[in-house]
Amino acid sequence: MRFSLSARKPFSLRSVVDSHGWRDLAPFRYDAERPALFYVDQLSNGHVIEYQITESPGGVALETARLGNAEKAEASDRLTWMLGLDMDFSAFHRAARGEPKLAHVRRTARGRVLRSPTLYEDVVKTILTTNTLWAATKRMNWNLIQRFGSRLPGSEKRAFPSAAAVASAARRILREKIRVGYRAEALHQLARRVSSGKLDLEALKHSDMPTTQLRDELLKIRGVGPYAAANLLQIIGRADFIPIDTWALKLVSHEWYRGRAVTPAQVEKRFARWGEFKGLAFWFWNWDYQG
DNA sequence: GGTAGACCTGGACGC
DNA sequence: GCGTCCAGGTCTACC
């Protein structure tokens, strides 16, 4: 079936897709030729479906299997969250107006970052990005899905596994088969806490807690440090912190310090004036250094 | 509060 | 083919 969802203007599907590496992490897939974003999702009734998402006038067009009314409503809610269709970035765009390095943000509809339907999935993926190379992140994520994800009918594709599915696995399997190494304990503990209801990550998505408090909650999760917390806050829609990894240090080093080594404090200082838009300013800055 | 070292995988490199 | 080195954040122990 085909249906469409409207987006708050300005909106560009390409800008959302290009916002970070999530588009290359299964069950996301991006076909630049069409162009279309694909995602294999498992609805709350267990039904596994795949969305084909393309840009359409005023928002996005969805192509998926035939859905009942409740399923369609659930899919619409999930897609609205994933693409940030109802998010408003006008204040950021106004603030960025006088900065040449951010002059493009309104024209290119920057601000949204691609996110998974559940915060659980984004926390897992963020933990898989820490202390490793991108190729290994993709492999660990792929292994996790292949081992524990539910299969899309008539296809080899699989949805991202539920917390319960990961919680039921032995840590040894995570370490030896999924190849997540020392992250096994963090992933297993997270899956256990989420599936048992002890940790309600979904509530954090729409919480009115101050960002610093929200950050403290995220830092309580084993495997989530300052970088991962900032990344997750950005995904939730809070941009008060910068996800400072080695790449961020390199970008700032070349932008302002002629390639000399810099500290996280120097990165913070450079973007301090952006306040609640700090993360967005950093994320969408038109960097000189391309690597 | 700051710092050093361990954690673990996989790719690059030298032999 | 094997061994060694290195990159990548978080956590913990220690000062």
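Naming: A, B, ... by sequence-line order, numbering from 1 per chain. Bear in mind that the values here come from a model prediction, so they are computed numbers and not experimental data.
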- Item | Residues A:W283, A:F271; criterion ring pair (Phe, Tyr, Trp, His ring centres under 6.0 Å); working and verdict | CA-CA 11 Å; A:W283 206 274; A:F271 284 89; over 10 Å; no

- Message: With salt bridge (charged side-chain N to carboxylate O under 4.0 Å, His left out) as the criterion, how do A:R110 and A:D18 come out once you've worked through the C-alpha distance, each side chain's angles and the decisive distance to 0.1 Å?
- Response: CA-CA 10 Å; A:R110 296 285 182 180; A:D18 287 345; 5.1 Å; no

- Query: Can you check salt bridge (charged side-chain N to carboxylate O under 4.0 Å, His left out) on A:E121 and A:R115, steps first, answer last?
  - Reply: CA-CA 9 Å; A:E121 181 176 331; A:R115 36 196 191 185; over 6 Å; no

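Nucleic acid contact class of A:T132 (heavy atoms, under 4.0 Å, all strands): base. A:I221 comes within 4.0 angstrom of sugar-phosphate atoms only, judged by non-hydrogen atoms across all strands, and of no base.
When all heavy atoms of A:L190 and A:I127 are compared, the pair lying nearest together is CD2-CD1, 4.4 Å. The two atoms that bring A:A167 and A:A191 nearest to each other are N-CB, 3.6 Å, heavy atoms only.
In 5' to 3' order, the nucleotides of DNA chain B bounding all contacts with chain A (an atom under 4.0 Å from a heavy atom) are B:dC7 to B:dG11. When DNA chain C is scanned 5' to 3' for any atom under 4.0 Å from a heavy atom of chain A, the first and last hits are C:dG8 to C:dT12.
Looking at A:R106, its side chain never comes within 3.5 Å of a backbone N or O of A:A96 through a donor-acceptor pair. Side-chain atoms of A:E217 never come within 3.5 Å of backbone atoms of A:L204 as a donor-acceptor pair (strictly under, hydrogens ignored). The backbone N or O of A:S155 sits less than 3.5 Å from a side-chain atom of A:R151, completing a donor-acceptor pair. Put simply, the side chain of A:W274 never gets that close to the backbone of A:F282: no donor and acceptor are under 3.5 Å apart. Remark: the backbone N or O of A:A159 is not paired with any side-chain donor or acceptor of A:S150 at under 3.5 angstrom.
Every pair passing ring-ring contact (aromatic ring centres under 6.0 Å, His included) that includes a residue from residues 51-84 of chain A is listed here, sequence neighbours excluded: A:W81-A:H206.
Listed by residue number, the members of residues 167-194 of chain A with any heavy atom below 4.0 angstrom from DNA chain C are A:Y182. Listed by residue number, A:R222, A:G223, A:V224, A:G225, A:P226, A:Y227, A:A228 are the residues of residues 222-241 of chain A with a heavy-atom contact under 4.0 Å to DNA chain C.
Inspection of the A:E255 and A:W285 side chains reveals an N or O donor paired with an N or O acceptor under 3.5 Å. With 3.5 Å as the limit, one finds no donor-acceptor pair spanning the side chains of A:Q42 and A:S162.
Ring geometry, A:F92 versus A:F284: the interplanar angle falls from 30° to 60°, so the pair is classed tilted.
Overall bending of the helix from B:dG1-C:dC15 to B:dC15-C:dG1, expressed as the angle between end axes built from five pairs apiece, is 40° (10° steps).
The pair A:K278-A:E268 meets the salt-bridge criterion, since a charged nitrogen lies less than 4.0 angstrom from a carboxylate oxygen.
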